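Encoded as structure tokens, here's the structure I'll be asking about.
The figures that follow rest on heavy atoms only: side chains count, while hydrogens, waters and symmetry mates do not. The structure displayed is predicted, hence computed values, not measured ones. Counting convention: from 1, in listed order, for ligands and their atoms alike.
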Amino acid sequence: MSVSVTEARRQTWSAGSYDTHARFVSDLAGGVVEWLALKPGERVLDLGCGDGVLTAELKAAGADIVGVDSSVDFIAAARAKGLDARLMDGQALAFENEFDAVFSNAALHWMTDAESVVKGAHRALKPGGRFVAEFGGHGNVAAIATAMRAVSIRRGGDMTLAAPWYFPSPAVYSALLEANGFAVKRIAHFPRPVVLTTGIAGWLMLFRKPFFQQFETEAENALAETVELLRPALCDAQGNWTADYVRLRVEAVKP
Ligand code: BEZ
């Protein structure tokens with residue numbers, strides 16, 4: 001069976017591969033969980049819950065929590081943890097006046113229709129409810145994206161496949177929230193270098209497989225070229241790789 005062009009460009013997720021190469025994502029969520037300041041019994045929506053590791057921690061802390069994600073594999077992994085996890089596009093949330101908090105960690109940069117996300121979160125909250133999120137901010141993975149663009153130019157590839165993410169600045173995201181009825185309580189934009197214990201090639205293939213797949217039989221060579229372009233910037237003299245993450249963390253309230 002042939003795969004459509006759109007299908008080939010889509011990011012897909014394997015819960016097992018994510019666990020191997022990206023477990024640091026839920027491990028590093030302490031700061032945004034602190035901003036959430038959960039009170040036991042609160043009804044919470046975990047927007048982009050992934051495999052549910054963090055959702056389960058919030059449930060154990062007393063949240064009455066629903067997780068949503070657009071990946072079938074992630075939802076299966078979250079349900080296997082006993083969670084109420086629902087297959088849903090975060091850009092088309094189907095909730096109304098139901099939650100005390102909408103929470104999201106490391107997911108919103110995948111949802112490029114940010115206005116629909118913000119409108120859906122606002123609709124999902126009860127009056128007085130809060131939206132607490134952390135995701136990639138302006139400048140996130142800039143070296144990684146630039147290296148892929150350079151490889152794309154060299155090989156005549158499709159550059160739009162290099163960085164299909166939404167990484168807003170605090171000014172841009174605050175304006176979006178306020179234009180859609182939120183009051184921004186606090187917003188932070190800060191570097192978070194992340195040591196990649198399994199190296200950069202695993203990260204690139206987990207998060208940007210469609211970019212490399214476009215080169216078909218040359219995919220391995222394109223990957224090796226990207227790794228070599230990144231080595232001077234992101235690999236130290238002992239061979240340790242660090243990803244150039246930048247975070248945007250926000251708390252906003254629905255009046
Ligand atoms: C992030 O968490 O910042 C991120 C993860 C994968 C791809 C791009 C960004």
Counterpart residues, side-chain contact (heavy atoms from CB on, under 4.5 Å), relative to Glu228 (two or more places apart): Arg231
Provide the number and element of each atom of ligand 1 under 4.0 Å from a heavy atom of Trp203.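 The list of qualifying atoms is 6 (C), 7 (C).
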Which one of Arg130, Lys39, Lys126 satisfies the side-chain hydrogen bond (donor to acceptor under 3.5 Å, both in side chains) criterion with Asp100? Lys126
Just wondering, do Phe207 and Ile144 contact through their side chains at under 4.5 Å, heavy atoms? no
Indicate, as side chain, backbone, both or neither, the part of His109 found under 4.0 angstrom from ligand 1 when only non-hydrogen atoms are considered. side chain
Any atom of ligand 1 sitting under 4.0 Å from a heavy atom of Arg208? no
What atoms of ligand 1 come within less than 4.0 Å of a heavy atom belonging to Trp110?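 Near Trp110, the atoms of ligand 1 are 6 (C), 7 (C).
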Pairs meeting criterion side-chain hydrogen bond (donor to acceptor under 3.5 Å, both in side chains) with involvement of residues 161-172, two or more places apart: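 As it turns out, there is no side-chain hydrogen bond (donor to acceptor under 3.5 Å, both in side chains) pair with a partner in residues 161-172 once direct neighbours are skipped.
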Record the part of Arg192 in heavy-atom contact with ligand 1 below 4.0 Å; permitted values are side chain, backbone, both and neither.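 Near ligand 1, Arg192 shows nothing, with every heavy atom at 4.0 Å or more.
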Look at the aromatic rings of His122 and Phe182 and report parallel, tilted or perpendicular, splitting at 30° and 60°.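 Answer is perpendicular, since the angle exceeds 60°.
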Measure the acute angle between the ring planes of His189 and His138, then classify it against the limits of 30° and 60° as parallel, tilted or perpendicular. tilted
Heavy-atom distances under 4.0 Å decide this one: backbone, side chain, both or neither, for Trp165 against ligand 1?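 Contact part for Trp165 vs ligand 1: side chain (C-beta onward).
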Flag Asn140 as yes when one of its N or O atoms lies below 3.5 Å from any N or O atom of ligand 1, and as no otherwise.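 Right, the criterion is met.
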